[in-house]
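Bear in mind the structure is a predicted one, so any value in this text is a computation, not a measurement.
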Amino acid sequence: MFDGVRSYFGNIRGVVVVKHYIIERQIPGIGAFSKEQLREAAVISNAALDKLSGRARWLQSFVCSDRTFCSYLAESTDAIRDHARLSGFPATQIFEVAAVIGPETASG
């Protein structure tokens, strides 16, 4: 299972290290998109991911008023940038996740 920092996936080239990234995408007005517009955006994103042949995997996105914060597993920031180019959705900032914490973290 993915531990929040690094994971190992097998692919055609062998075992590769993938990292967890958060991508900020500035998309004016996205918070007002309809359910259908968000579905269409997901279709476009999935089509771009298919072209990357497993180099990146979209986990989820959080939609705010004028931006999204997207969680991805990817081989590199280049894979994230390639997805942005193919999908037409900007990768305004890319952050590598160093750790994941939550309420259960307090329990040790």
Side-chain angles (χ1 to χ4, degrees):
M1 175 172 242
F2 179 68
D3 69 3
V5 180
R6 297 191 189 276
S7 182
Y8 298 89
F9 281 45
N11 68 15
I12 296 170
R13 293 172 276 177
V15 176
V16 295
V17 175
V18 295
K19 298 176 182 176
H20 189 184
Y21 295 98
I22 300 297
I23 299 93
E24 177 187 0
R25 301 183 190 282
Q26 291 184 351
I27 304 171
I30 193 161
F33 278 23
S34 68
K35 194 173 194 175
E36 179 60 21
Q37 287 172 306
L38 292 173
R39 188 195 70 73
E40 290 172 10
V43 167
I44 291 167
S45 182
N46 288 338
L49 288 167
D50 287 345
K51 292 177 183 173
L52 292 176
S53 304
R55 293 177 49 223
R57 186 174 127 212
W58 177 29
L59 301 177
Q60 64 184 349
S61 294
F62 299 92
V63 179
C64 302
S65 59
D66 289 322
R67 66 194 72 221
T68 63
F69 295 91
C70 306
S71 179
Y72 276 73
L73 298 179
E75 292 180 3
S76 65
T77 56
D78 287 340
I80 300 296
R81 287 186 190 92
D82 287 346
H83 175 267
R85 179 181 49 77
L86 291 167
S87 67
F89 301 133
T92 308
Q93 291 190 65
I94 303 170
F95 303 95
E96 184 178 339
V97 174
V100 176
I101 65 169
E104 66 282 354
T105 306
S107 300

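For Asp78, the salt bridge (Lys or Arg N to Asp or Glu O under 4.0 Å) criterion is met by Arg81, not counting sequence neighbours. In this view, Ser61 and Trp58 satisfy the side chain to side chain donor-acceptor pair (under 3.5 Å) rule, not counting sequence neighbours. Taking the side-chain contact (heavy atoms from CB on, under 4.5 Å) definition, one finds that Ser71 meets it with His20, Ile22, Leu59, Gln60, sequence neighbours left out. Looking at residues two or more places apart in sequence or on another chain, you find a side-chain contact (heavy atoms from CB on, under 4.5 Å) between Ala41 and Phe89. Looking at residues two or more places apart in sequence or on another chain, you find a side-chain contact (heavy atoms from CB on, under 4.5 Å) between Arg85 and Asp82.
Within the structure, salt bridge (charged side-chain N to carboxylate O under 4.0 Å, His left out) contacts touching residues 44-53 (residues at least two apart or in different chains) do not occur. A salt bridge (charged side-chain N to carboxylate O under 4.0 Å, His left out) check over residues 23-39, counting only residues at least two apart or in different chains, returns the pairs Glu24-Arg67, Glu36-Arg39.
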Please set out all donor-acceptor pairs under 3.5 angstrom arising from side-chain atoms of residues 101-108, sequence neighbours excluded.
from: Thr105; atom 1: OG1; to: Gly102; atom 2: N; distance (Å): 2.9
from: Thr105; atom 1: OG1; to: Gly102; atom 2: O; distance (Å): 3.0

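Side-chain contact check for His83 versus Leu49: some heavy-atom pair is nearer than 4.5 Å. Considering only heavy atoms from C-beta on, Ile27 stays 4.5 Å or farther from Val63 through its side chain. Two residues are said to be in side-chain contact when any heavy atoms from C-beta on lie closer than 4.5 Å; Gln26 and Asp66 fail this criterion. Annotation: side chain of Tyr21 is in contact with side chain of Thr77 (closest heavy-atom distance under 4.5 Å).
Interatomic distance, CD1 of Ile23 versus CD1 of Ile80, reported as 4.0 Å (0.5 Å rounding). Annotation: the span from Phe62 atom CZ to Thr68 atom OG1 amounts to 11.0 Å, rounded to 0.5 Å.
Here the closest non-hydrogen pair linking Glu75 and Val18 is N-CG1, 4.1 Å. The minimum heavy-atom distance linking Ile44 with Ser87 is given by the pair CG2-O, 3.4 Å.
Tracing side-chain contacts under 4.5 Å through hydrophobic residues (I, L, V, M, F, W, Y), one reaches Phe69 starting from Val97; they form part of the same cluster.
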